[in-house]
Structures are given as structure tokens and as C-alpha cells.
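Comments concern the structure below.
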Amino acid sequence: ELYGRIEAKGVFGVMQFPTDPRALDRLGISEGWTMRDRELCIQVAYGKRAFADVQPMLSQVDDSGRAIDWAAIAPKLDWAKVSAETLPNGEPLVPFRHPSQLYEGLGEGLLLGLVLLVLYWLTRKRPLVRGNYAVVFLLGYAVIRWCLELVRQPDAQYPQPVLLGMTMGQTLSTGMVVFALGLLCWRRRAGATAAA
């Protein structure tokens, strides 16, 4: 999942990620390693596990077949040191970012789920017209996702902005709103035609 956008240290909710490219570089962790090797090394860097305990589980070669010098990497696995490093201008070397993954889980998962549950609960005796719960879901998801794109790092593989100043996520969310509203209009028109 994409990181949040870089923000100043004092902004509410921001944090440093050990998987940030700058952090991985300073910790000596390579993108050419297996996910398991990277995760074990991050656990060591956080002090959750001792390097001696995880070393037998680590791969001896990277994705390219080159030997990994664990003896040289082990001393670099210190998250407290890396997270405290600063650039010459005083800014943190590992930037602070919004935890957009958490925002998405709370917004698109918990919040939208609660909205749908309350809507169902309020309409359980007189349910909405068939398909309208889907419209509410699509609209809710699209609005939440569009707003979260304001703090989420844009997709690197797409030119920015994608359309009318929007990120790819905002563009797709706008399309989802148009689709949901179109579905709602079509359902009403179909209902009016059937009633006539």
C-alpha cells in the first residue's frame, strides 16, 4: 500500500516508516531480498528480536544470486538511530508521513461499514429499493477514497495530475460517483417505466 504524503513532524498522526526507501537504505535492507528477510531485519532493528535468533532463518543470497554479508548488515539494524538522523538542514532523514493505510482501513472499512449497518438497521422494516444499498456503498467508498487521496502519496507509475488536477485514485473515485449516480437514475427511470 502506498505511504501517506510527507508532512512536518508535529502534524497530528504522522509517523516514520521503517520501510521508507531512505530508512531501508540506512538500515542496510535491500529491495532484492525476500520479504521474509526484510521483515525479520525490521524486527531486529526495532529490538523485537535478536539478530542471533533470526540469522539462521535469513537467506544466504539475494534475488540476483549474490551473497548477503549479514555480518556487515547486522550493526546497521538500529531503528532508534536511523529514525533520529537528520539532514544538514535539520529535517529528519526518514520523513514523517501520514499513515494512510490506517486512514483507509478506518474510513473505507470501519466508517463505511458502520454507515451501511446503521442504514440497514434504520430501513430493515421498509428496505430500500433493490440496488440502492450498493449505490450508497459506491458513493460512500468513492467519497472517502477521494478525500484520503489528499494525504496519500500519488501512484508513481501515473503522470501527476492524471485528470483535471486529480490523482489516479481521485479520478477513479470520481468515475465511481458518476457510475453510482447513473445507476441510481437508471433504477428510478426503470421503476417509473414499470409503474406506467
Side-chain angles (χ1 to χ4, degrees), residues 1-110 141 144-163 165-173:
E1 186 57 44
L2 293 176
Y3 301 112
R5 294 178 191 253
I6 295 174
E7 283 287 354
K9 181 178 181 179
V11 174
F12 175 77
V14 296
M15 58 180 34
Q16 291 174 300
F17 287 84
T19 52
D20 187 277
R22 289 184 188 172
L24 291 176
D25 181 58
R26 296 298 293 156
L27 291 169
I29 299 173
S30 170
E31 291 288 334
W33 298 353
T34 65
M35 180 65 76
R36 180 174 175 79
D37 289 343
R38 286 181 282 173
E39 289 174 356
L40 287 171
C41 286
I42 289 171
Q43 288 180 14
V44 170
Y46 265 95
K48 301 291 183 190
R49 299 181 83 161
F51 185 77
D53 294 339
V54 301
Q55 190 171 11
M57 296 181 269
L58 297 170
S59 305
Q60 297 306 306
V61 295
D62 63 15
D63 290 350
S64 301
R66 292 185 299 253
I68 301 172
D69 185 2
W70 292 114
I73 292 163
K76 296 179 183 180
L77 299 175
D78 184 349
W79 176 242
K81 179 182 172 189
V82 170
S83 64
E85 291 179 350
T86 59
L87 297 169
N89 64 3
E91 291 181 24
L93 176 72
V94 179
F96 282 82
R97 297 176 179 273
H98 284 282
S100 60
Q101 303 93 328
L102 295 177
Y103 298 167
E104 288 191 46
L106 292 173
E108 297 164 0
L110 185 63
Y141 182 89
I144 292 168
R145 178 60 186 263
W146 197 96
C147 293
L148 289 176
E149 284 289 316
L150 297 172
V151 295
R152 188 172 177 257
Q153 188 71 32
D155 295 283
Q157 68 267 32
Y158 301 112
Q160 300 302 324
V162 176
L163 179 67
M166 296 186 290
T167 65
M168 179 56 83
Q170 289 172 325
T171 302
L172 295 172
S173 295

* Asked: Can any side-chain N or O of Arg22 pair as donor or acceptor with the backbone N or O of Val94 at less than 3.5 Å?
  -> no
* Asked: Does Gln16 reach the main-chain N or O of Ser83 with its side chain, forming a donor-acceptor pair under 3.5 Å?
  -> yes
* To do: Dump the intermediate steps for side-chain contact (heavy atoms from CB on, under 4.5 Å) on Arg145 and Glu104, then the final yes or no.
  => CA-CA 7 Å; Arg145 178 60 186 263; Glu104 288 191 46; 4.1 Å; yes
* Go through the steps for Tyr3 and His98 under the test side-chain contact (heavy atoms from CB on, under 4.5 Å), then give the verdict. => CA-CA 7 Å; Tyr3 301 112; His98 284 282; over 6 Å; no
Taking every non-hydrogen atom, the tightest pair across [X] and [Y]:
{"X": "Ile68", "Y": "Ser59", "value": "CD1-O, 3.9 Å"}
{"X": "Cys41", "Y": "Trp70", "value": "SG-CZ3, 3.5 Å"}
{"X": "Gln160", "Y": "Asp155", "value": "NE2-O, 3.0 Å"}
{"X": "Gly165", "Y": "Gln170", "value": "O-OE1, 4.4 Å"}
{"X": "Arg38", "Y": "Ser30", "value": "CD-O, 3.4 Å"}
{"X": "Leu27", "Y": "Ile73", "value": "O-CG2, 4.2 Å"}

* So does Glu149 pair up with Arg152, basic N to acidic O under 4.0 Å? -> yes
How long is the span from the [atom1] atom in [X] to the [atom2] atom in [Y], to the nearest 0.5 Å?
{"X": "Ile6", "Y": "Asp20", "atom1": "CD1", "atom2": "CG", "result": "7.0 Å"}
{"X": "Glu39", "Y": "Thr19", "atom1": "CD", "atom2": "OG1", "result": "10.0 Å"}
{"X": "Glu7", "Y": "Lys9", "atom1": "CD", "atom2": "NZ", "result": "15.0 Å"}
{"X": "Glu85", "Y": "Asp78", "atom1": "CD", "atom2": "CG", "result": "9.0 Å"}
{"X": "Leu40", "Y": "Leu77", "atom1": "CG", "atom2": "CG", "result": "10.5 Å"}
{"X": "Trp146", "Y": "Thr171", "atom1": "CH2", "atom2": "OG1", "result": "10.0 Å"}

* Asked: So do the side chains of Leu24 and Trp33 get within less than 4.5 Å of each other, counting heavy atoms only?
  -> no
* Side-chain contact test, heavy atoms from C-beta onward, threshold under 4.5 Å: evaluate it for Glu108 versus Tyr141 and give yes or no. => yes
* Heavy-atom neighbours of Arg97 CZ exceed 12 at 6.0 Å -> yes
* **Heavy atoms of other groups near Met35 CE, more than 12 under 6.0 Å** => no
